[in-house]
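Naming: A, B, ... by sequence-line order, numbering from 1 per chain.
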2 protein chains.
Amino acid sequence: MMARTDRLFRLLQAMRVLPAPVTAARLAEETGVSLRSLYRDIDSLRAAGARIEGERGYGYRLTEDHALPPQTFDRMEIEALALGLAEVRHMGDPALAEAAASVLAKVAATLPDASEQHLFHAVSHVYRPEARYPSGLDMSTLRNGCWRETAVSLRYADGEGTVTERTILPLAIVYADRRLVVLAWCCLREAFRMFRTDRILEARAEATSFRPRRASLLRSYLTELRARA
Amino acid sequence: MMARTDRLFRLLQAMRVLPAPVTAARLAEETGVSLRSLYRDIDSLRAAGARIEGERGYGYRLTEDHALPPQTFDRMEIEALALGLAEVRHMGDPALAEAAASVLAKVAATLPDASEQHLFHAVSHVYRPEARYPSGLDMSTLRNGCWRETAVSLRYADGEGTVTERTILPLAIVYADRRLVVLAWCCLREAFRMFRTDRILEARAEATSFRPRRASLLRSYLTELRARA
DNA sequence: CCCCTCCTGACAGTTTCCGGCAGTTGAATG
DNA sequence: CATTCAACTGCCGGAAACTGTCAGGAGGGG
């Protein structure tokens, strides 16, 4: 049972150990499988996130190990994690809060002592004042925009309550002044702007993509912000 | 493809996140699989080295999972980490902020793309309003008290500004209502109390140890807090 | 042109997986 | 003592996934 999964791990291990360019034939022999299946296995690993470079007439090379070294954190770092994640659990939208809980659980699993584990987990549950996140809004629209580098159109109420309709290129979602805000390029004003998530009345995904400009746009915005301060 | 393996990981994660005794039915629903299959999956995990305690008429409990391959963070989880840690960098005392930065660097190192790494790191630097942490106070005294389970004596100003001198048994440092507070047993009042760090005028380490009562004390305090809400 | 090697598609045989059902067991509860 | 709960087990048949074999492509080096 689980023969296949086990074999994939062995394959990965073989690629780590064997000297750099390894032929598929060699790996097939190593894992005891036909050539055809080996190609399928390589596919599976790539699909699972491993970066495997394959060149014709040359062989395979493992560029990047996604099974990273077991993350170990010292006590102070654990403390920082617990605090930060507890905060996100309260503040964030449901999806974000769940992710924070999930990280917490993963990190707790690496803790040596069982009682420490439990406390670590417990502390993050202590304080739960009313959720501060703008409940009506579906953050996933914004988050998808950031990740997929697609525009989003908003109905947004500014400080005076004036409502405007605009299209933005969302760059990142961050805390600022204790609130969740979206850093974005505003197509209406043709400038970088921050949008408080609690003032966004509605968000709709648009089809237009701005890939691959997100990284450079965000960089410019950050330098602009830094210059202003 | 690989659906099964993926499901097993999800099952494990579910057991870590959900509160302790979980019924098979619940886990089956969580992983979207029939009850029969769930029992098979539990078997697989046990065979793979996870220690899962199952009691009839009660539920499952995960006692240990060290034998299993290390878990990586997905995109959403990375996002949660970045947000939480950025917050701690601003809020925390220097030692804590440094720890947060250090975790950030460790996690960033595992990110696949170089530009993603850079952005991830950059975002956490964006916003730096004035540090909100009570600058005069040396948090390490309190933190050491928590870790080494030794008493600490405080000069503390309450809500009306009345200053009192008291000895506490510090249990944990957490956020509450957006401020850093110390959860502790107050020897003066003989009760559990929360102390806002920004109202602590002075903290001195005492020699008296309360080891190993910290875990149980904190547990009682937490249940008391939860009962009150 | 030939050889190396990665890579893809199709097909058939085999294996594994999955849900459902029926039933057992241990413990707590009433 | 009966009942409920919920972990477990065995077995079946259909569905799905995996595997090896065969038959090609495709890019680069000699």
Side-chain angles (χ1 to χ4, degrees), chain A residues 1-67 105 109 114, chain B residues 1-65 67-69 112 223:
Chain A
M1 199 192 273
M2 298 297 304
R4 193 182 134 97
T5 304
D6 184 61
R7 193 179 69 219
L8 287 181
F9 278 118
R10 267 174 17 239
L11 173 55
L12 205 57
Q13 189 57 21
M15 295 191 67
R16 285 200 267 255
V17 172
L18 268 45
V22 199
T23 70
R26 178 71 206 283
L27 290 172
E29 194 196 336
E30 200 77 19
T31 54
V33 93
S34 81
L35 199 58
R36 185 63 186 89
S37 290
L38 185 109
Y39 286 122
R40 283 190 272 241
D41 284 356
I42 293 275
D43 272 356
S44 297
L45 286 183
R46 292 213 245 238
R51 298 290 173 86
I52 299 169
E53 218 175 276
E55 211 174 311
R56 289 160 186 206
Y58 181 65
Y60 283 111
R61 164 184 318 212
L62 181 62
T63 2
E64 211 179 277
D65 222 330
H66 84 301
Chain B
M1 203 191 278
M2 295 299 301
R4 166 112 208 242
T5 305
D6 183 59
R7 196 180 64 219
L8 288 182
F9 279 121
R10 270 180 6 243
L11 173 56
L12 196 62
Q13 186 58 16
M15 296 191 66
R16 289 204 269 249
V17 173
L18 294 166
V22 198
T23 69
R26 177 73 207 282
L27 290 171
E29 195 197 335
E30 199 76 20
T31 54
V33 94
S34 81
L35 201 58
R36 186 63 187 88
S37 290
L38 185 109
Y39 285 120
R40 282 191 274 246
D41 285 357
I42 293 274
D43 273 357
S44 298
L45 285 185
R46 291 215 244 240
R51 308 261 307 255
I52 299 170
E53 222 174 273
E55 212 174 308
R56 286 152 202 262
Y58 182 64
Y60 285 108
R61 172 188 306 250
L62 178 64
T63 48
E64 205 187 309
D65 62 359
L68 282 79
T223 51

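- Not one N or O on the side chain of A:Arg61 forms a donor-acceptor pair closer than 3.5 Å with the backbone of A:Gly54.
- One interatomic measurement links the two molecules: CG of A:Asp41 to P of C:dT8, which rounds to 14 Å at whole-angstrom precision.
- Residues A:Pro21 and A:Glu55 form no side-chain contact, since every pair of their non-hydrogen atoms from C-beta on lies 4.5 Å or further apart.
- Residue contacts shown for A:Arg7 are limited to sugar-phosphate atoms, with no base heavy atom under 4.0 Å away.
- Of the candidates C:dC6, D:dC18, C:dC17, D:dC18 carries the atom nearest the A:Arg4 side chain, counting heavy atoms from C-beta on.
- In this structure, A:Tyr58 reaches the sugar-phosphate backbone alone: every heavy-atom distance under 4.0 Å involves primed, P, OP1 or OP2 atoms, never a base.
- For B:Arg10 and B:Gln13, the side-chain atoms include no donor-acceptor pair closer than 3.5 Å.
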Can A:Thr31 and A:Leu8 be said to form a side chain to side chain contact (heavy atoms under 4.5 Å, CB included), step by step? CA-CA 9 Å; A:Thr31 54; A:Leu8 287 181; over 6 Å; no

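- As rounded to whole Å, 10 Å separates atom C1' of C:dC6 from atom CD1 of A:Ile42.
- At whole-Å resolution of the value, CG in A:Asp6 and P in C:dT15 are 19 Å apart.
- Going from atom CD of B:Glu53 over to atom C1' of D:dC8 covers 16 Å, rounded to whole Å.
- Side chains of B:Val22 and B:Leu62 form no contact here, defined as non-hydrogen atoms less than 4.5 Å apart.
- When the P atom of D:dA17 is taken as reference, atom CG of A:Leu8 falls 16 Å away, rounded to whole Å.
- The OH atom of A:Tyr60 sits 18 Å away from the P atom of C:dC4 (whole-angstrom rounding).
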Audit row: A:Thr5, B:Arg4, side chain to side chain contact (heavy atoms under 4.5 Å, CB included) steps and yes/no: CA-CA 9 Å; A:Thr5 304; B:Arg4 166 112 208 242; 5.9 Å; no

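- In this structure, of C:dG19, C:dC6, C:dC17, it is C:dC6 that holds the atom nearest to the side chain of A:Tyr39.
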Polar atom pairs (N or O), protein with nucleotides 9-12 of chain C, under 3.5 Å:
unit_1: C:dG9; atom_1: N7; unit_2: A:Arg36; atom_2: NH2; d: 3.3
unit_1: C:dG9; atom_1: O6; unit_2: A:Arg36; atom_2: NE; d: 3.0

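- In this structure, A:Arg46 reaches the sugar-phosphate backbone alone: every heavy-atom distance under 4.0 Å involves primed, P, OP1 or OP2 atoms, never a base.
- Heavy-atom neighbours of B:Arg51 CZ from other residues, nucleotides or ligands within 6.0 Å: at or below the threshold of 12.
- Across the protein-nucleic acid pair, A:Leu35 atom CG and C:dC4 atom P stand 14 Å apart, rounded to whole Å.
- Pairing each heavy atom of B:Leu38 with each of B:Ala28, the nearest pair is CD1-N, 3.4 Å.
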Assess whether side chain to side chain contact (heavy atoms under 4.5 Å, CB included) is satisfied between A:Thr63 and A:Ile52, documenting all intermediate values. CA-CA 6 Å; A:Thr63 2; A:Ile52 299 169; 5.9 Å; no

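- Taken over five-pair windows at either terminus, the axes of the helix from C:dC1-D:dG30 to C:dG30-D:dC1 are inclined to one another by 30° (rounded to 10 degrees).
- For CD of B:Glu64, the number of neighbouring non-hydrogen atoms (other residues, nucleotides, ligands) closer than 6.0 Å is greater than 12.
- For the residue pair B:Arg7/B:Ser37, the side-chain donor-acceptor check at 3.5 Å is not satisfied.
- Considering only side-chain N and O atoms, B:Ser37 lies under 4.0 angstrom from the phosphate OP1 or OP2 of C:dG19.
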After noting the C-alpha distance and the side-chain angles of A:Thr23 and A:Tyr60, does the key distance pass the side chain to side chain contact (heavy atoms under 4.5 Å, CB included) rule? CA-CA 6 Å; A:Thr23 70; A:Tyr60 283 111; over 6 Å; no

Do any N or O atoms of the protein come closer than 3.5 Å to N or O atoms of nucleotides 26-30 of chain D, and which pairs are they?
none

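- As a whole-Å value, the separation of B:Leu38 CG from D:dA6 P is 14 Å.
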